[in-house]
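Read through the structure below, which is laid out as structure tokens, and then see the notes.
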There are 2 protein chains.
Amino acid sequence: MRKRATAKEVAEAAGVSKWTVIRAFTPGASITEASRQKVLQAAEALNYSPNLLARSLATNVTHQVAVFVDDFANPHKLPVLEMLTERLQAEGLLTVLININRHFDHVHALINADQRQFDAVILFGTAFREETLGDRRLGPDFPPMFVLARDSQIPGVPAIACNAELALSQVVDYLFDKGYRRPGFMTGARTLSTALGRRHHYANFWRRKGVESVIELNADRYSADAGAEAARAYLSATPPPSRVDVLMCENDILALGAMDTARSEFGCRVPQDLAVVGFDNIELGATPTYGLTTYEQPTYEMINTIVEMITGARAVEAVTLPGHLVPRLSA
Amino acid sequence: MRKRATAKEVAEAAGVSKWTVIRAFTPGASITEASRQKVLQAAEALNYSPNLLARSLATNVTHQVAVFVDDFANPHKLPVLEMLTERLQAEGLLTVLININRHFDHVHALINADQRQFDAVILFGTAFREETLGDRRLGPDFPPMFVLARDSQIPGVPAIACNAELALSQVVDYLFDKGYRRPGFMTGARTLSTALGRRHHYANFWRRKGVESVIELNADRYSADAGAEAARAYLSATPPPSRVDVLMCENDILALGAMDTARSEFGCRVPQDLAVVGFDNIELGATPTYGLTTYEQPTYEMINTIVEMITGARAVEAVTLPGHLVPRLSA
DNA sequence: TTGTAGGCGTTATCAA
DNA sequence: TTGATAACGCCTACAA
């Protein structure tokens, strides 16, 4: 197994010192065009390119960003990952996708991110409580962290997210104008602060409209299955006259599951018997089958904001951005 | 900004040499329990952990695997990515997710993977023609490459995929037994060899059943939208009596789009007027709304096979694995 | 078991 | 502009 050519080898082949080779590969270094060409030719012949590992060790910059994800059931993650990787790559940054699960938890992943000297860590839709760290400290040498599409409970770790208060006020205004008066809300994971936040704002704005009670349904995770199950439990326990007239779900995938069950198992017409609202605007919600009314987060703006913070083009601070309502037929 | 503690600093604090520190962090190194404890205490106090970058430079092993993806429209990618990252992480390998697009092509990504010394490169659902490399060589020092869930056109790069011939024979047997006789096939991207392969086998097995003609529809990419559009074009150009009675789509997301359009825009009952079959078995296909008959690839086995090859637990060679038919109501 | 040299391939800095 | 010395933090190999 032949090894990669090194700057030293190229130097010998080109008859210069290895530092001249380095300069030929350093944009804006002072080197004559003659030496530069000599080096580039030798490099080409030896198939040389700089070893980024060694460079990172010397510069303390890896150009790698870790992205933590702990929920792969929501199809919405995929287009966001696409945008995120593309935007990062445009800045010369690669994405290390880290699957947070019970075998590989946040602490484990954070230590790893530290040891590998990632330039930044993005908690995408994930968050952990500070206590989880135990007595382990995240030193000042630690990669900067950001929370994407969630609020942050960790002091010093800014969240870049959709403005939930604005979002839910828009949703409730819309629903109220449409004439709905008996609202329900389905959460995915009961403990998540984002869930609590959305539910809280939802209930709050209904209250301002004079509607005091919001029925709460709980799915235990974020998937169509879980949404279906939660809807089934509610609908089979509640006779039609006392049912909610509009069900907002914490995200689209729950909403699709709920809508499926309501229609096929309980014969509900949507939106006449039960209106449904989601959150995220996933592709399948737009199909004529579902026609899901939903709320779209400003995904690109959020990603762009984080990337600018990572590259230093922008001050690091928590930011919430406005999204927009996507009205369709389901509500 | 304080820097990370180094082995040398820990050594001074513990009153040993830095090599002893290294040994304390090397499983199976010869070191007395006493020194070991001394070192670990000092390390704890200084919040030390080995710098993986430096280790990689010295050992030529990064424990990072690049995964190339060029199609984020198919929701099926997500559960596969979940499994893949989990399985890799279980082996101590991190996943670098690389978005192949027109701003960042295969060659670019491969050079990068080489420079960063990734332990392996997985082409997930992506492939490129060897000519794309131009005169650039992939030296023997280059990270081993694997093609996942696709066939490989590159000599020396093994494909680990579902057995397409078996899959389509099972599908056609099933459809024939159900009484269908006028088959259609919808491809996503016309140029892809996988598409050609599936279509080829599909047509082939129908021929063996005595059905000579398979109508071909073409979507220009893999998304519900594209599937809907292709279906729309076909259905509006073809009066009911001359339409196919069963439409197999190259993957589920196309199938869902096609089914939506057939039902809502052309009033087709599925499967009575038009039966639909997909490929992948994505979560939403299982909902009562779609009830999509589909074919499930042996995802876990494929992933496991690749990971074993990467870790050296298994000989490197092309492998095709059997999947299984998932019959539902749509066909 | 422990300490010592030398090397991994780059970058930073200074001298020529 | 170019060459040289030192450093990045670790590992391998060898000697004590």
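Since we're looking at a predicted model, the values are computed, not measured. Each chain gets a letter, A, B and so on, in the order its sequence line appears, and its residues count up from 1.
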Which part of the nucleic acid, if any, lies within reach of B:Ser56 when heavy atoms closer than 4.0 Å are counted: base, sugar-phosphate only, or nothing? nothing
What's the CG-P distance between B:Asn51 and C:dC8, to the nearest Å? 19 Å
Want to settle it: does B:Gly15 or A:Lys8 sit nearer the 5' end of DNA chain C, counting the closest nucleotide to each? B:Gly15
Just the rounded figure in Å: distance from P of D:dC10 to CZ of B:Phe25. 9 Å
Measure from CD on A:Gln117 to P on D:dG9 and round the result to the nearest Å. 8 Å
B:Ile31 or B:Ala58: which one's nearest nucleotide on DNA chain C is closer to the 5' end? B:Ile31
Under 4.0 angstrom, heavy atoms only, what part of the nucleic acid is B:Lys18 near: base, sugar-phosphate, or nothing? base
Between D:dT1 and A:Ser35, is there an OP1 or OP2 to side-chain N/O distance shorter than 4.0 Å? no
Going by an N to O cut-off under 4.0 Å, is there a salt bridge joining B:Glu91 and B:Arg87? yes
Which nucleotide wins on minimum distance to the side chain of B:Ser17, given the candidates D:dT2, C:dG3, D:dG9? C:dG3
Between A:Arg116 (CZ) and D:dC8 (P), how many Å, whole number? 22 Å
What's the closest nucleotide to the side chain of A:Val16 if the choices are C:dT10, D:dC10, D:dG3? D:dG3
Rounded to whole Å, CG of A:Asn60 lies from P of D:dG9 at a distance of 7 Å
Using 0.5 Å steps for rounding, measure from the CZ atom of B:Phe68 to the CG atom of B:Leu148. 13.5 Å
Just how far, in rounded Å, is P of C:dT2 from CD of B:Gln37? 13 Å
Residue pair B:Ala161 / B:Arg150: nearest heavy atoms and the distance that separates them: CB-O, 3.6 Å
For B:Arg221, is there an ion pair with B:Asp71 - N to carboxylate O distance below 4.0 angstrom? no
Nearest-Å distance for atom pair CG/P, residues A:Asp114 and D:dG9: 13 Å
Any donor and acceptor pair, going by atom type alone, linking the side chain of B:Thr126 with main-chain N or O of B:Phe124 inside 3.5 Å? yes
Here the gap from B:Ile98 atom CD1 to B:Leu110 atom CG, rounded to the nearest 0.5 Å, amounts to 8.5 Å
I'd like a table of atom pairs between the protein and nucleotides 13-16 of chain D - only N or O on both sides, under 3.5 Å - with the distance next to each one.
none

What does A:Leu57 touch in the nucleic acid at a heavy-atom separation under 4.0 angstrom: a base, only the sugar-phosphate, or nothing? base
Separation of C:dT11 atom C1' from B:Leu53 atom CG, nearest Å, is 13 Å
Quick check on DNA chain D: between B:Ala54 and A:Thr20, whose nearest nucleotide comes earlier from the 5' end? A:Thr20
Would you call the rings of A:Phe25 and A:Tyr48 parallel, tilted or perpendicular, where under 30° means parallel and over 60° means perpendicular? perpendicular
The side chain of B:Tyr48 lies closest to which of these nucleotides: D:dC10, D:dC11, C:dT10? D:dC10
Distance check, rounded to the nearest 0.5 Å: A:Gln117 atom CD versus B:Asn51 atom CG? 4.5 Å
Return no unless some side-chain N or O of A:Thr32 is found under 4.0 Å from OP1 or OP2 of D:dT2. yes
